[in-house]
Each structure stands twice: as C-alpha cells, then as structure tokens.
Amino acid sequence: MNVRIFPSAEAAEAATAALLIQQVQRNTNAVLGLATGGTMSPVYQLLVSAYQQGRVSFADITTFNLDEYSGLAPDHPRSYRSFMRAAFFDQTDIPLNNTHIPIGNTRDPDKEAERYEALIEASGGIDCQLLGIGQNGHIGFNEPGTPFHSRTRVEQLSNDTRAANQRYFPEGKVPEQAITIGIGTILDSREIILLAIGDKKANAVAVMIESPSDISCPASALQQHPNATILLDQAAAAQLQQLFDYEQVDKAN
Ligand code: PGA
C-alpha cells in the first residue's frame, strides 16, 4: 500500500482528483470505478471544474459505481444514481449510457448483481477504482465478515452503516439492503485509490493499514493489492503508528 498523508482535507481531495484526471488524460477510454458518500462530493466538484476549464474530457470513459440501495428506483432522490447525476454525470460530457450503477428497484436483485458483475468483466475490468471507507472498515457495502473473494451481490447493511448514513435520509429510514460489487471484484481493479477524511475514519484507517489483513476489516483486503494508494488528511491518519513508512505530502500534487 502506498500511504500518503496530506496537511488538509482539501489537499487530499485535490490529490485524489488529480490522480483520476491523470488516469483519464493518459487513457481517454478508461474504465473508472466510482464511489458515493460525503467524502467524494469535493472530489467530483474538482473533476467538474477540470472539465469546465477544458483540462479533461470524460466523453469516452466508462464508469461503474460500487453500489446502490435496494428498493430505490434510479430516479429516487436518495439513490446513488441521483447522487452521481447531480455531483458529476450531468455536469460533464460523459454520456449517461457509459455510466453504470446497479438497479436498486429490480424484481430480481440476485440476477441484477450477476448482470452487473458480468458487465464489468465484459468492459475489460476496472482500470482505476475510487473508494471511500466506512467507520466500520467497509468498502463499497462490503460489511465486516465479507469474504475477500466475494463478487457482486445483495448485502444486508449493518446497523453501524445504516446509522452512519441516516444523515442522508432526513425524511425516512436507510434501506436495509444494497447491491454492492464484491471485495474480489474490487481487488481485480488494476489500480485502487482510497480517500479517507476526518477523525471518524481514523480507527478504520489504522486497522486497514497496520493490522493483519482480515475479514473483520474489509478495507484491509487492499493490503493484498499491488497498486493501492491511500490518501489521508491529518485527522484520518491520526491513529497510525508506523509513520516512517508513509509519505508526508506538503502540497496537493
Ligand atoms: P462517507 O461514506 O464518505 O459518507 O463517509 C464512506 C463510505 O461509507 O464508504
């Protein structure tokens, strides 16, 4: 794992956006794995700004989001499809047909999960997967205890995750299930970028990086990946012990 610690959240977010932009500039047909959540909103704002400034085009990329809540139609205001349209898709030149997110309100979620996994494979696999991390160490909606070889499937959300995400559902309850790509699916990505910001993530970050890789912390699976970069602000890095192993970055790029 390549661990990079930045002086501020803004610097870590800018570096994450820069890595994604470089990926697309190098390979205009890149297949990107995308993530949602509060951590990612500033990253998408930076990608949109880069597009508006003419520094990058997303016209030929293909995207696969990590997950979607079960039961929510794509146009439901709390769906991850709606989040992605507002934050990124509708503000850039990416054709919506190139953007993939599991369908949450399908009659047969298991079949939808199978279709999604097959679609990723048919697209040649993910070149670069963007990840956040849950306070309980989840990546995508792969909750603690998920086998590292897991593929795309329906997952029961933990109480911790539903409580953490309640802030995004002011008018109702967080759904109990989601369709998520698996940890095995994530590990198949050629490159992985994980961004964590803030002290609420500090414990999960320390376990991910410094504890033995174990299914009790899904993100610790990334220790087995040959090209994973972890970008942190000071607060998210606060519980790391082996600081001499990590890159301390004093500016964004
Ligand atoms: P957050 O979610 O960015 O909203 O904290 C991250 C995650 O749960 O993966």
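Atoms within a ligand are numbered from 1 in the order they appear, just like the ligands themselves. Computed from heavy atoms alone, side chains included, the values below leave out hydrogens, waters and symmetry copies.
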Any N/O of Met40 closer than 3.5 Å to an N/O of ligand 1?
no

Polar-atom distance check: Thr36 versus ligand 1, any N or O pair below 3.5 Å?
no

Could you tell me which atoms of ligand 1, counted from 1 in the order shown, lie closer than 4.0 angstrom to a heavy atom of [X]?
| X | result |
| --- | --- |
| Thr39 | 1 (P), 3 (O), 5 (O) |
| His138 | 7 (C), 8 (O), 9 (O) |
| Gly132 | 9 (O) |

Would you find more than 12 non-hydrogen atoms of other residues, nucleotides or ligands less than 6.0 Å from Arg26 atom CZ?
yes

Flag if over 12 foreign heavy atoms under 6.0 Å of CG, Asn159
no

Aromatic ring centroids of Tyr168 and Phe83 under 6.0 Å?
no

Proximity of Tyr116 and Phe64 rings by center, below 6.0 Å
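Ring centroids of Tyr116 and Phe64 are less than 6.0 Å from each other.
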
Atom 6 (C) of ligand 1 - nearest protein heavy atom and its distance:
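The protein heavy atom lying closest is Ile133 O, 3.6 Å.
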
Tyr168 and ligand 1 - part of the residue with a heavy-atom distance under 4.0 Å
side chain

Indicate, as side chain, backbone, both or neither, the part of Leu131 found under 4.0 angstrom from ligand 1 when only non-hydrogen atoms are considered.
neither

Can you find a non-hydrogen atom of Lys201 under 4.0 Å from ligand 1?
yes

Minimal non-hydrogen separation, Met40 against Leu131, with atom names
CE-O, 3.4 Å

Would you call the rings of Tyr44 and Phe88 parallel, tilted or perpendicular, where under 30° means parallel and over 60° means perpendicular?
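Ring orientation, 0 to 90° scale: parallel.
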
Would you say the side-chain atoms of Glu112 and Thr106 include a donor-acceptor pair closer than 3.5 Å?
no

